[in-house]
Amino acid sequence: MSKDEVADALDEIGTLLELKGENAFRTNAYHNAARVVQQLPGDLKQLVADGKLGAVRGIGEALSLKITTLVTTGKLPYLEDLRASIPAGMVELLRLPGLGPKKVKALHDLLGIDSIEKLKAACESGQVAKQKGFGAKTQDKILEGIRFRDQVGHRVRIDYALPLGTALLEQIRGFPGVIRSELCGSLRRRKETVADLDILVSSADAQPIMDRFVKLPEVLQVLGQGPTKSSVLAALHVHGTKVTMQADLRVVEDDQFPFALHYFTGSKEHNIRMRQRAIDRGLTLNEYALANDSRSVPCKTEEDIFAALGLPYIEPELREDTGEIEAGEVKKLPALVADRDIRGVFHNHTTYSDGVASLEDMALACKKLGWEYFGVADHSQSLTIARGLPPGAVRKQWAEIDRLNAQLSGVRIIKGSEVDILEDGSLDYSDELLAGFDYVVASVHSLFNMPEADMTARVCKALSHPAVTMLGHATGRLLLKREGYKINLDEVIKTAATFGKMIEINAQPSRLDLDWKYVKQARAMGVPIVINPDAHSPWELGLYTFGVQVARRGWLTKDDVFNTRGLDDVMKELARRKGVK
DNA sequence: GCCGTTTTCGGCCCGACTGTTTTCAGTCG
């Protein structure tokens, strides 16, 4: 069982125990352990085999036993018994806004409700409003929630969430009385998907700002409105898709702004650690202040808060409690790579395969972005659905590249290919043809359903090929749509390190693959990362910024990213690699 | 269920808002 699968199982135990009315600290221990397991570096099986699980913070004796059973047998009788004792529909009820474990349990105990259908019927007949602790408003809210359930509570990709958040923020910035304002939450931490929007404003007078906020044209529905906090459902059309999200606005006094900014940026886990740090220093940190009964530490910015707690500034992307506090203590935080560091890209397509723009137009678009090189990597021959290039077309493309490079100034086209990794791990072109490219991106585009061990062997074999420069989209995942194929990434990263290969961060917001957690692992093993937009049009070249965000979440510095190097350096390195096994 | 310079018990982050209450429990982030 993989880390993610074990984490899912532990999360499920936590949720099921909540529905049984278990102590919240006990259920939280399961949810916490799920997170810990998911972010554990290295191979979980190995850790279990070495008996080192119990040494991990957050995993004690009982959880260690359960995880060991999960990893070694692939199942857990304790979880199966729990599942059998709780109707599956109850878990689904938890997703309705306003319904938590206590209310769902009460509905089940009092009215026998164990599905959305039964709950809907009970609300419509007025039964729910008659129960103790429930009322007419709760009943209406539940019905509303059932009506909206397909739109609300789902995560949204960052490329959709960001335009909606920005549209709201820009309007709020125009309200009279707004002093400072920012998008917080996971959006500020640049997570690949976002559940809701957190907007923070400082002002001396909150009420008029609230009144204006709930009347913005994007607002579909007001979910709640208090003196300092309002929640709405807001919608915007982004690239032809209607994006609907919950947006929460908080208004604080301006001297509270840095504390609130830090607090609402999260993550929750990072905040808990920071609060603990404050407690250790005899202070309390909350969204309004860093203080105790006798004194208050004034902070004008987030930097001041970190400094007051003995830490350098920690970038929002790092605030996940995955070691940033420890690294900060010893001044070992990375200077994160930024958009401006990128000087070219390697994985892109043109009209030769499934792109929509010519070689020249793509190269000129790169030049416009201030880049020195455009690496073209059209699909290889087997991928007929994407008009993969037969060898003759490859040679024709090379001739055109040579011609263009002679004409163009300020940007250089580099000859590459996105070569399919075939079923047996061999590559989709002959070694002779492969030798003619400056670099090769190797990617899987077929047979996604192979068993994990076979897929891992397939990709690792491809990585051992001397012509391969980098691995493309490592798991093939499509965020919120399709899980990646089953593959042991620990093994893949290790193999990349062994053969001196690079791994791509595919910057398409639908992929963002390699996932940031593994980016961090690749960095630790010295595997260079390449940020590639996988652009099929000039416009898509701009998507590289989402890849930079993943790189930042993965702790990468400029030096860890290959395409921060200049053209001469890149060409020299590619030539060197071609001669190296 | 985890954890320990209060180490085998008793804490575990904490505030805003809502709805149902008449002083507070539940939910959410």
Side-chain angles (χ1 to χ4, degrees), chain A residues 10-11 13-14 17-37 53-67 78 93-107 128-142 144-145 152-153 184-189 194-200 206 210 222-232 246-252 256 259-260 262-280 283-291 321:
Chain A
L10 296 178
D11 248 333
I13 292 173
L17 288 176
E18 280 169 10
L19 289 172
K20 290 206 137 189
E22 252 301 345
N23 176 312
F25 294 112
R26 185 168 171 231
T27 60
N28 193 42
Y30 279 97
H31 292 304
N32 181 56
R35 191 186 68 90
V36 168
V37 166
L53 210 49
V56 178
R57 192 185 165 79
I59 298 174
E61 203 177 338
L63 273 160
S64 184
L65 267 171
K66 289 192 174 77
I67 294 168
Y78 176 72
L93 297 183
L94 284 175
R95 293 190 44 173
L96 295 173
L99 284 191
K102 297 262 167 52
K103 284 217 166 83
V104 169
K105 184 175 188 301
L107 288 167
V128 169
K130 289 182 193 155
Q131 306 304 316
K132 188 172 184 305
F134 293 80
K137 285 200 173 174
T138 306
Q139 184 172 273
D140 288 348
K141 209 175 154 190
I142 291 172
E144 189 76 10
V152 191
C184 303
S186 50
L187 193 60
R188 182 159 180 247
R189 302 200 312 279
V194 176
D196 48 31
L197 302 169
D198 297 297
I199 307 167
L200 177 67
M210 286 300 167
V222 180
L223 303 170
Q225 189 181 356
T228 66
K229 177 186 171 181
S230 293
S231 295
V232 302
Q246 182 176 327
D248 298 336
L249 175 69
R250 296 284 291 241
V251 183
V252 297
Q256 299 168 332
F259 302 103
H262 177 263
Y263 181 84
F264 291 114
T265 297
S267 65
K268 197 173 118 188
E269 291 78 14
H270 169 90
N271 287 353
I272 289 171
R273 291 291 305 275
M274 290 288 283
R275 271 168 194 256
Q276 191 56 54
R277 252 185 119 72
I279 291 168
D280 294 345
L283 294 160
T284 305
L285 175 64
N286 61 26
E287 60 259 61
Y288 304 115
L290 176 63
D321 187 23

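Note that these values count all heavy atoms, side chains included, but never hydrogens, waters or copies made by symmetry. Throughout, a chain's letter reflects where its sequence line sits, starting with A, and its residues are numbered from 1.
- Taking the P atom of each, B:dT23 and B:dA16 are spaced 23 Å apart, rounded to whole Å.
- Between A:Ile67 and A:Leu10 the shortest side-chain heavy-atom distance falls below 4.5 Å.
- Residue order along DNA chain B, read from the 5' end via each residue's closest nucleotide, puts A:Gly226 first among A:Gly226 and A:Gly98.
- A distance of about 39 Å separates the C1' atoms of B:dT7 and B:dC17, rounded to the whole Å.
- Between the A:Glu287 side chain and the A:Tyr263 main chain, no donor and acceptor come within less than 3.5 Å of each other.
- Among the atoms of the strands shown, only primed sugar atoms or phosphate atoms (P, OP1, OP2) are found under 4.0 Å from some heavy atom of A:Gln225.
- Using a 4.0 Å cutoff to heavy atoms of chain A, the contacted part of DNA chain B runs 5' to 3' from B:dG1 to B:dG29.
- Backbone-only contact: A:Thr228 has heavy atoms under 4.0 Å from sugar-phosphate atoms and none from a base.
- A:Ile279 comes within 4.0 angstrom of no nucleic acid atom, judged by non-hydrogen atoms across all strands.
- Here the separation of B:dC13 from B:dC2, taken at their P atoms, is 16 Å to the nearest Å.
- Note on A:Asp196: only backbone sugar-phosphate atoms sit closer than 4.0 angstrom, heavy atoms only; bases stay farther off.
- Contacts classified as salt bridge (Lys or Arg N to Asp or Glu O under 4.0 Å) and involving residues 266-278 of chain A (residues at least two apart or in different chains) are given here: A:Arg35-A:Glu269, A:Arg273-A:Asp321, A:Arg273-A:Glu326, A:Arg277-A:Glu329.
- In this structure, A:Leu99 reaches the sugar-phosphate backbone alone: every heavy-atom distance under 4.0 Å involves primed, P, OP1 or OP2 atoms, never a base.
- The separation of B:dT6 from B:dG11, taken at their C1' atoms, amounts to 11 Å, rounded to a whole angstrom.
- Among the protein residues, A:Val252 comes within range of no part of the nucleic acid, since none of its heavy atoms lies under 4.0 Å from any strand.
- Among the protein residues, A:Lys66 comes within range of the sugar-phosphate backbone only, with heavy atoms under 4.0 Å from sugar or phosphate atoms but none that close to a base.
- Scanning for salt bridge (charged side-chain N to carboxylate O under 4.0 Å, His left out) contacts around A:Glu22 gives A:Arg26, with sequence neighbours left out.
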Only distances under 3.5 Å count here; give the side-chain donor-acceptor pairs of residues 96-106 of chain A to other protein atoms, sequence neighbours excluded, each with its distance to 0.1 Å.
| from | atom 1 | to | atom 2 | distance (Å) |
| --- | --- | --- | --- | --- |
| A:Lys105 | NZ | A:Asp109 | OD2 | 2.9 |

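- For the P atoms, the distance linking B:dC14 with B:dT20 amounts to 29 Å, nearest Å.
- Comparing the C1' positions of B:dT5 and B:dT18 gives an interatomic distance of 43 Å, to the nearest angstrom.
- The residue A:Phe264 sits apart from the nucleic acid: no heavy atom pair falls under 4.0 Å.
- Among the atoms of the strands shown, none is found under 4.0 Å from any heavy atom of A:Leu94.
- If you find the closest nucleotide of DNA chain B to A:Ala136 and to A:Tyr263, the one lying nearer the 5' end belongs to A:Ala136.
- Among the heavy atoms of the strands, none lies under 4.0 Å from A:Ala33.
- Separating the P atom of B:dG29 from that of B:dT22 is a span of 28 Å, rounded to the nearest Å.
- Searching all strands for a Watson-Crick or G-U wobble partner of B:dC12 with both distances below 3.5 Å returns B:dG1.
- A donor-acceptor pair under 3.5 Å is formed between the side chain of A:Ser267 and the backbone N or O of A:His270.
- Taking A:His31 as the reference, nothing meets the ring-ring contact (aromatic ring centres under 6.0 Å, His included) condition, with sequence neighbours excluded.
- A:Tyr30 is linked by a side-chain hydrogen bond (donor to acceptor under 3.5 Å, both in side chains) to A:Lys66, counting only residues two or more places apart in sequence or in another chain.
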